[in-house]
Amino acid sequence: MNYIWNFQDVFDNWWALAIGAAGTLRLFVVCLVLGMGLGLIIALGKRSRNRPIRWLSTAFVEFFRNTPVLVQILWFYYALPIIAPIEIGPFLAAILGISLNSAAYSAEIYRGGIQSIEPGQWEAARAIGMSGLQTLRRVILPQAIRRIIPALTNRGVEIFKMTTLASVVAYVELLQQGKLIASLNYNPLEVYTVIAAIFLIILYPIVRLTYALERHLARSD
Amino acid sequence: MYEWDFSPVLAEGGFLLVGFRNTLFLTATALSGGLVVGLLLAFARLSHRRWLNVPAGIVIEVFRTTPPLVQLFWFYFGLPIVLSIEMTPFLAASLTFMIQSGAFFAEIFRAGIVSIERGQWEAANAIGMTYNQCMRRVILPQAVKRMFPSMMERSIELMKTTTLVATVSYADLLFQANELAQKTFRPLEVFTVVALIYFVSISFISFIASRMERRFAKSGEFTP
């Protein structure tokens, strides 16, 4: 119980952590953009009148929501290269796993948001001559997105946390660099404490912001 | 063109089954612990005593906003140093996932308890119930019904999160899959089969959950 904490070795390696943070950030941004963008397309696919498209979108969502994201990353890393004629590195495997998983989750959020808009608005837009896509873009989505911003922000926080899974396929991000520092200096306690603190410092303000947004939206709706 | 061959995987089916059993065992352990931790954290968070609600709030926020894999590494590699104890992968994983899911459950419990109208507390008070009696007899039974959907969702998340223990060499389904892939040189088939096992079992659980939700909804007093 008389362990003396020594953070010196961790701070001496701040450069390695900075490289890791850059890797985390890069992966996060790519997955955020791909996940949220693809999610919207799939949400629209689930509403499509074309049956195969509807069916495929549903199957996609169900499959990616009902399997662990780590299994997906490992599948893309170890299994996909066998059937696909492309080189799949840790970065690409992590992007595929995390973005497709997030796309499935955000698709459900978009769907909920679109459904929450009263059907009367669709009818009104049609009555003044708008096409389906026009209605969606000009009337429905602007309102739906406003309502789902807290849920989407939550998803973003989840994506940020998920990036640590890329360390399993040795992609250079914060946790991977932490493992490296810990194995060189035998100080796992300090290293993982610092890494947890970094995530907390980055994510906590965002989480607070989401709470505030939720309250604000609940009042104004 | 690659030729799929599932026979080496199926021949070692028992190997994967052991992993699946361990996954279920870890999920059940973490879930039962997590529900208790969650309820305690929720009560502490709702308490008017500062020395209870402030620490509870900190635990909840820290475990909700840090990645579960970092928490697992902290408990597995870090904690034994402070406590100078032996740590097994199973113990580290159960502890991590109990507290982590507990933090999420706490928020669900809290929201459920807060959602019950103030009048019920006042009514229970008026007929002479104490705070604890009212909580146990009046508030919780109603709150649990309302919390049910989010609790099921969280439990399913927990089952998926347990795959992380493979990284500290606990022989769960994913770990066994990794071993088998290296033994048989058939990663494509192995990981596909394992993904399907997770898919089928998790879909089954969500199916049961939605059936139960509908029954609760029919029996009234239910807000989605």
Side-chain angles (χ1 to χ4, degrees), chain A residues 1-3 5 24 62-85 101 157-158 160-168 174-175 178-179 182-183 186-208, chain B residues 1-2 4 23 58 61-84 153 156-157 159-167 172-174 177-178 181-182 185-192 194-207:
Chain A
M1 271 310 234
N2 297 317
Y3 182 75
W5 294 65
T24 295
E62 289 305 315
F63 185 78
F64 279 94
R65 275 166 55 101
N66 287 350
T67 47
V69 63
L70 189 55
V71 174
Q72 291 156 13
I73 294 174
L74 289 180
W75 192 90
F76 285 118
Y77 190 63
Y78 291 117
L80 186 61
I82 297 174
I83 31 175
N101 184 279
V157 170
E158 284 303 314
F160 199 86
K161 282 157 57 181
M162 255 187 238
T163 56
T164 52
L165 300 186
S167 68
V168 175
L174 268 171
L175 185 58
K179 279 197 240 175
S183 66
Y186 310 104
N187 56 349
L189 182 61
E190 287 86 353
V191 170
Y192 295 129
T193 305
V194 168
I195 293 195
I198 294 176
F199 276 94
L200 194 67
I201 291 167
I202 297 175
L203 291 180
Y204 189 65
I206 303 176
V207 172
R208 299 281 348 165
Chain B
M1 196 55 203
Y2 182 78
W4 293 67
T23 290
I58 292 174
E61 295 302 343
V62 165
F63 277 85
R64 276 161 51 102
T65 47
T66 51
L69 192 55
V70 176
Q71 295 162 10
L72 180 63
F73 280 11
W74 196 90
F75 274 94
Y76 186 60
F77 297 110
L79 192 62
I81 299 177
V82 209
L83 300 179
S84 47
E153 202 188 311
I156 291 170
E157 279 307 309
M159 181 168 174
K160 290 190 273 180
T161 313
T162 59
T163 50
L164 303 189
V165 287
T167 58
D172 80 323
L173 182 53
L174 184 59
N178 223 338
Q182 279 165 22
F185 303 109
R186 293 250 161 219
L188 178 59
E189 288 85 348
V190 172
F191 282 110
T192 305
V194 165
L196 283 177
I197 295 176
Y198 275 112
F199 177 68
V200 170
S201 43
I202 291 171
S203 304
F204 178 71
I205 298 171
S206 7
F207 171 74

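Only a predicted model underlies this, so the values are computations on that prediction, with no experimental measurement involved. Below, chains carry the letters A, B, ... as their sequence lines are ordered, and counting in each starts from 1.
The OG1 atom of Thr192(B) sits 7.0 Å away from atom CD1 of Ile83(A), with the distance rounded to the nearest 0.5 Å. Annotation: the span from Asn66(A) atom CG to Lys160(B) atom NZ amounts to 6.0 Å, rounded to 0.5 Å. For the atom pair Tyr204(A) OH and Thr65(B) OG1, the distance stands at 8.0 Å (nearest 0.5 Å). One distance of note links CD1 of Ile73(A) with CZ of Phe191(B); it measures 12.0 Å at 0.5 Å rounding.
Interface remark: Leu79(B) contributes backbone atoms only to the contact with chain A (heavy atom separation under 4.5 Å). Heavy atoms closer than 4.5 Å to chain A are found in the side chain of Thr167(B), but not in its backbone. Looking at Pro68(B), the atoms closer than 4.5 Å to chain A (heavy atoms on both sides) all sit in the side chain, from C-beta outward. In this structure, chain A has no heavy atom under 4.5 Å from any part of Gln71(B). If you measure heavy-atom distances from Arg64(B) to chain A, the contacts under 4.5 Å come from both the backbone and the side chain. Using a 4.5 Å cut-off between heavy atoms, Ile202(A) makes no contact with chain B at all.
By the 30° and 60° cut-offs, the orientation of the rings of Phe199(B) relative to Phe63(A) is tilted.
Closest approach of Ala195(B) to Thr67(A), counting heavy atoms only: O-CG2, 3.3 Å. Taking both residues in full, the closest heavy atoms of Ala79(A) and Pro187(B) are given as CB-O, 4.1 Å, listed atom of the first, atom of the second, then distance. A pairwise comparison of heavy atoms in Ile81(B) and Pro188(A) identifies CD1-CG, 3.5 Å as the closest pair.
By the salt bridge (charged side-chain N to carboxylate O under 4.0 Å, His left out) test, Lys161(A) is found to be paired with Glu158(A), residues two or more places apart in sequence or in another chain being considered. Scored by the ring-ring contact (aromatic ring centres under 6.0 Å, His included) test, Tyr198(B) finds no partners at all (sequence neighbours excluded).
Side-chain atoms of Pro67(B) and Leu175(A), non-hydrogen and from C-beta on, never get closer than 4.5 Å to each other. When side chains are defined from C-beta on, Ser167(A) counts as touching Leu69(B), because their heavy atoms get closer than 4.5 Å. For the pair Tyr78(A) and Leu188(B), the minimum side-chain heavy-atom distance is 4.5 Å or more.
For chain B, the option among Thr193(A), Val157(A), Thr163(A), Val207(A) with the highest count of heavy-atom pairs below 4.5 Å is Thr193(A). In terms of non-hydrogen atom pairs under 4.5 Å with chain A, the most contact-rich of Phe77(B), Tyr76(B), Phe73(B) is Phe73(B). Between chain B and the options Glu190(A), Lys179(A), Met162(A), the largest number of non-hydrogen pairs under 4.5 Å is found for Lys179(A). Looking only at heavy-atom pairs under 4.5 Å with chain A, the residue among Val194(B), Val200(B), Thr66(B) that has the most is Thr66(B).
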field: side-chain contact (heavy atoms from CB on, under 4.5 Å) assessment of Val62(B) paired with Leu200(A)
entry: CA-CA 7 Å; Val62(B) 165; Leu200(A) 194 67; 3.9 Å; yes
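Other residues, nucleotides and ligands contribute at most 12 non-hydrogen atoms within 6.0 Å of the CZ atom of Phe207(B).
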